[in-house]
Structure formats: C-alpha cells, structure tokens
Q: 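Before I ask anything, here is the structure I am working with.
The residues of the chain are indexed from 1 along the displayed sequence.
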Amino acid sequence: CADFVASKQMQNIRMELRGKAVVLMGKNTLIRKGLEMGHAVHPDAGLDVLRSNIRGNIGFIFATNCQLDDIREVLAKHVRDSAAKSGQMAKANLGLPAGP
C-alpha cells in the first residue's frame with residue numbers, strides 16, 4: 001500500500017531501482033479497470049484475484065534486470081517513520097495515565 005509515502009521517498013526508490021526495475025504508480029480506478037480488462041482477455045492469469053486484493057493506493061514494481069530480493073532490500077532501506085495524520089490508525093497501543 002502506498003499511503004503515507006512522501007514524494008521524495010518515492011523519488012529515491014525510483015532512482016535506486018533505475019535500470020533494474022520499473023515502478024508504476026497510477027490512478028487506482030485506471031489500475032483496477034486495466035486488471036479487469038486483462039482478466040477478460042486472459043481469464044486464467046489470476047488478475048481477478050489480484051484486483052480483489054487491492055486496497056488503498058497502490059503501485060507496481062516490475063523487475064527487469066534484478067531479483068525480487070534486490071527490490072525488497074531497496075524498499076526496506078527506504079522505510080521511514082512519518083507523523084500521525086488525522087483519521088490514521090495507530091500501529092501500536094498507547095496508554096496515558098490519568099492526570100491530576
């Protein structure tokens with residue numbers, strides 16, 4: 001899921017993967033429509049399963065001259081903490097004691 005990923009963070013990932021992989025980010029509606037059209041042409045490819053599992057903002061990384069482990073390393077290297085935003089769910093429980 002590509003939610004809460006900064007533009008600079010995506011730029012750094014793209015630059016590091018240049019020549020090794022293609023990073024495709026697009027409008028969610030267009031990606032879902034493309035997967036639906038692809039399923040109509042190639043029903044045995046499993047694109048309907050992929051389409052049903054898409055949640056939130058997404059992107060695809062197509063490995064052209066590298067292995068999947070290389071892409072995982074690049075993505076892990078660029079993981080950053082971000083400030084909480086309104087409506088975002090916490091990843092950890094936080095308890096505050098009652099004050100005076």
Q: Indicate if Met25 and Ile61 have the same hydrophobic cluster label, given that clusters are the connected sets of ILVMFWY residues with side-chain heavy-atom separations under 4.5 angstrom.
A: yes

Q: Can you tell me how far apart CE (Met15) and NZ (Lys8) are? Round to the nearest 0.5 Å.
A: 5.5 Å

Q: Is any side-chain heavy atom of Thr29 closer than 4.5 Å to a side-chain heavy atom of Lys33?
A: no

Q: Evaluate the side-chain proximity of Ile13 to Leu17: yes if any heavy-atom separation is below 4.5 Å, no if none is.
A: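 The answer is yes, as the side chains (C-beta and beyond) meet within the 4.5 Å cut-off.
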
Q: Report yes or no: do Met37 and Ile54 belong to one cluster of Ile/Leu/Val/Met/Phe/Trp/Tyr joined by side chain heavy-atom distances under 4.5 Å?
A: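 Different clusters.
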
Q: Salt bridge or not for Arg51 and Asp48, using N-O below 4.0 Å?
A: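 Salt bridge: no.
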
Q: To the nearest 0.5 Å, what is the distance between SG on Cys66 and CD on Glu73?
A: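 Answer for the SG-CD pair, Cys66 versus Glu73, is 10.0 Å.
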
Q: Just checking Gln67: does its CD atom have more than 12 heavy atoms from other residues, nucleotides or ligands closer to it than 6.0 angstrom?
A: no

Q: Report yes if some heavy atom in the side chain of Leu35 is under 4.5 Å from a heavy atom in the side chain of Ile31; otherwise report no.
A: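 Answer yes - side chains close enough.
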
Q: Arg72 and Asp69: which non-hydrogen atoms are nearest, and at how many Å?
A: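 Heavy atoms only, the tightest pair is NH1-OD1, 3.1 Å.
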
Q: In Å and rounded to the nearest 0.5 Å, what is the CD1 to CD distance from Ile71 to Glu16?
A: 11.5 Å

Q: Would you give the length of the straight line joining atom OG1 of Thr64 to atom CZ of Arg18, rounded to the nearest 0.5 angstrom?
A: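 One gets 12.5 Å once the value is rounded to the nearest 0.5 Å.
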
Q: Which distance, rounded to the nearest 0.5 Å, do you find between the CG of Asp70 and the CG of Asn65?
A: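 It comes to 10.5 Å.
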
Q: Can you measure from CZ (Arg32) to CG (Leu50) and round to the nearest 0.5 angstrom?
A: 10.5 Å

